[in-house]
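Here's the structure, in structure tokens; my notes come after.
Letters A, B, ... are given to chains in the order of the sequence lines, protein chains preceding strands, and every chain is numbered from 1. Only heavy atoms go into these numbers, but all of them, side chains included; no hydrogens, no water, no symmetry mates.
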Amino acid sequence: MAAPPPPTDAELDTYIKTRYALIGIDLSTLPENDPAAPMDQARVMANARSTIRQEVDYSNYVPDQQAHAAVLYPAPFAVWTGEYKP
Amino acid sequence: MTVEARQDMAVDAPQDMAIDRRWFLSRMAAVWAAAGAGTLLGGGALAAPALAHGGGSGGGSVWEGAYAKTIRRAALDDPTELTISEAAAAFRRRLLRPVDLMEAYLERLGKFEEIYKAFLWRPTDAELLAAARKVRLDSRSTPLAGILTAEKDNYYTKGIPTTAMSPVYADFVPEYDSTVHARLKAAGAIMMGKAAMGPLASGRARLADGTATTVNAWTPDDIRYSPSGSSGGTATAVAGRLSTSGTGTQTGGSITSPSQAQNLTGLKPTFGRASLFGIVPLTFTRDHPGPLARDAMDAAIMLQSFAGPDKNDPRTLGMPPVPNLVKAATVYTQRGKPKVRWATTVGYPPDFLSGANAETLPMRQSLLDTLVKVGCRVEEVPYPADWDLLSGLSSTAGEATNMFLPFLRKDVSLFADRLPGFLNGMFRSSDNYMKMLQARYQFLRLVLDQVFDKCDVFLTGTVFDGIGLPLIAFPYGMGVDTTTGLPVPRGTTLGAPPFGEERLLAVIAAYQAVTDHHLRRPPDPTVSAARARSFTAPYKVPADYDASDET
């Protein structure tokens, strides 16, 4: 099955603004587009788009499904077996 | 080898030899899981097994070796040159009084602080002099009694503004001291002021509009060369001789980077070795407090004074005891020649030499040669497969958003140029956050199994921040900044396995015993602040300024 086309900037912008609105983040206190300002809405949006696209790269990393979870060592069993003497 | 035999051996071995690495791996995994679960860690469940407690080179007073046996004449002539170790020895031998030391520093502050801008807040001169006069030196004093420190402005200080140099904390006056500050005070240190820093611990010190404030002490006449960050104000204060030592924090290079940029020895301890209680957080899982100092011994004295368990920070509980760091940093000699205290193999990655440029290659080669001279074995250690992938995935994304959401909802403009880094965590999906945690676990395991099976310390950098391993930064030469054309110090960073602080200090103490890079001092400013202001416009950091290695 063919992969769906990657989303456009405009589509991502809609997603980003929706997410901000849901969380209660208001960007309107920033200028819309002013490179001289410490931050503006255009840079926030560009950065968010870039982050979301990078997230896709993270998805490509597939950890070993058999990699065991961390366990404390010595495990309680080590005392029973005499391998470890506290 | 039996547990008992290993414990016996551990008495004279550095602590990293006595640590069960699987325990550390498990503990870090539990810390990361706790961050996700939002639970508090109990000390009991995560306590190190008895095996891990045998280490260190303890016994007797830890401060015994902290007083310098010899004091440089030039440093006595200008007490702001003294290291902690030298100043403490000078006090003890009645060559100098704490108030003399304070007066010397106040004179420099009066002359140069308007140029350096290392501090955001300072007590009055009268208060500082009174504090110095109150110092009583007796048999119970620590070497920090009467010593002057710069403390990064993200450390809570009771009744004193603590802003993290950000509008987010503009009006914040803590009601209690951070554990580190409280312990430094208890040790007798006098705080010269709250040091400037990268806003919310990122990059060089700057105002909300991007105007740089603090200069690098090595280029005081040219603000363009960065003091580095985020503990840049501390670095400028210590290098510019406005304080004898200082504190910083590191999430991704913020102690080691300014130390390298300003010819200092910076120590980022193992995660959990020192308390984060009362420090403005960036993350739950990879913030570290640590000293920026003038040499390995001073770094040891500072960390010795504030490391150890703190009931207010569960991440410090159940750890192996703090070993005698001062002894580790004391120069060890064999047949009169400085040698590394414990047999140590220094690993370096292939690109340490192959990736060096014309300026750094001779410095790096010379570093390796010198380490051999002081008794280290030096060996190239290849990066394990997946190093880049796993270290890259162990990033911070997401954690800061969680911490700061209430402030983000209040007014995003408070975050100024730091805003995207704090907002973007809300675009990290839960499956990818799990991947980040798994990647950290795999990366830590990779480093323990495939790097530290071949060497005892490894020339590496901020990739160790995400997995909690200790780092020491130190100067190893001089170079030229390409923008300003000015001579500037160069340094590098050495990492160790869990609780390898003793090992790091021993290696760098031996290196500094036969080199003098750490003794170089920067030139004083040549222009007055008023003149500098009248001729130059405020310097704003460029729009593409990247502080990703300075958090």
Side-chain angles (χ1 to χ4, degrees), chain A residues 12-13 15-31 33-76 78-79 82-86, chain B residues 2-4 20-30 32-33 45-47 49-51 206-210 386 389-390 392-393 395 397 401 405 408-421 423-429 431-436 438-439 441-442 445 540 543:
Chain A
L12 283 181
D13 284 353
Y15 167 62
I16 293 162
K17 284 175 180 165
T18 304
R19 181 87 176 118
Y20 285 155
L22 278 167
I23 299 285
I25 302 293
D26 174 18
L27 291 187
S28 70
T29 56
L30 302 174
N33 191 341
D34 178 5
M39 189 48 58
D40 58 28
Q41 296 182 35
R43 271 178 282 167
V44 169
M45 296 302 289
N47 201 296
R49 289 194 298 268
S50 163
T51 298
I52 292 166
R53 287 185 168 122
Q54 195 189 18
E55 282 283 295
V56 178
D57 292 337
Y58 290 149
S59 299
N60 295 332
Y61 165 63
V62 181
D64 177 2
Q65 290 188 349
Q66 297 302 318
H68 62 76
V71 291
L72 283 173
Y73 180 86
V79 179
E83 186 188 339
Y84 171 65
K85 294 183 182 68
Chain B
T2 66
V3 170
E4 289 76 14
D20 186 308
R21 293 178 183 178
R22 275 168 289 189
W23 166 76
F24 186 74
L25 192 58
S26 298
R27 181 174 174 106
M28 290 306 291
W32 299 329
L46 293 173
L51 181 62
R206 59 200 185 278
L207 303 175
D209 69 356
D386 289 341
L389 173 74
L390 293 176
L393 277 165
S395 69
T401 305
L405 194 53
L408 290 163
R409 280 178 167 149
K410 191 173 150 199
D411 183 358
V412 289
S413 70
L414 296 174
F415 289 77
D417 60 355
R418 295 278 281 119
L419 179 60
L423 273 179
N424 285 343
M426 62 184 67
F427 297 113
R428 169 149 280 181
S429 59
D431 62 325
N432 277 348
Y433 188 72
M434 283 305 297
K435 279 185 183 177
M436 184 196 77
Q438 286 169 313
Y441 178 77
Q442 295 300 342
R445 189 172 171 179
K540 289 205 176 186

Original post:
With chain B, which of I16(A), D26(A), V44(A) has the greatest number of heavy-atom pairs at distances under 4.5 Å?
Top reply: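 Max contact count across the listed options: I16(A).
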Is any side-chain heavy atom of [X] closer than 4.5 Å to a side-chain heavy atom of [Y]?
{"X": "E55(A)", "Y": "S429(B)", "value": "yes"}
{"X": "I23(A)", "Y": "L408(B)", "value": "no"}
{"X": "V412(B)", "Y": "M39(A)", "value": "no"}
{"X": "Y61(A)", "Y": "L390(B)", "value": "yes"}
{"X": "L27(A)", "Y": "L423(B)", "value": "yes"}

Subject >> Where N424(B) and A48(A) come nearest, the two heavy atoms and their spacing >> reply: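 So the two residues come closest at OD1-CA, 3.7 Å.
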Original post:
Which atoms of A416(B) come close to chain A, meaning under 4.5 Å heavy atom to heavy atom: side chain ones, backbone ones, both, or neither?
Top reply: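 For A416(B), heavy atoms of backbone and side chain both lie under 4.5 Å from chain A.
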Original post:
If you measure from CZ on R53(A) to CZ on F427(B), what distance do you get to the nearest 0.5 Å?
Top reply: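 Reported value, rounded in 0.5 Å steps: 12.5 Å.
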**OP:** Let me know if T29(A) has heavy atoms under 4.5 Å from chain B in its side chain, its backbone, both or neither.
**Re:**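 For T29(A), the contact with chain B is made by backbone and side chain together.
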Subject >> Residues in side-chain contact (heavy atoms from CB on, under 4.5 Å) contact with A42(A), at least two apart in sequence or another chain >> reply: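 Residues passing side-chain contact (heavy atoms from CB on, under 4.5 Å) with A42(A): N33(A), D40(A).
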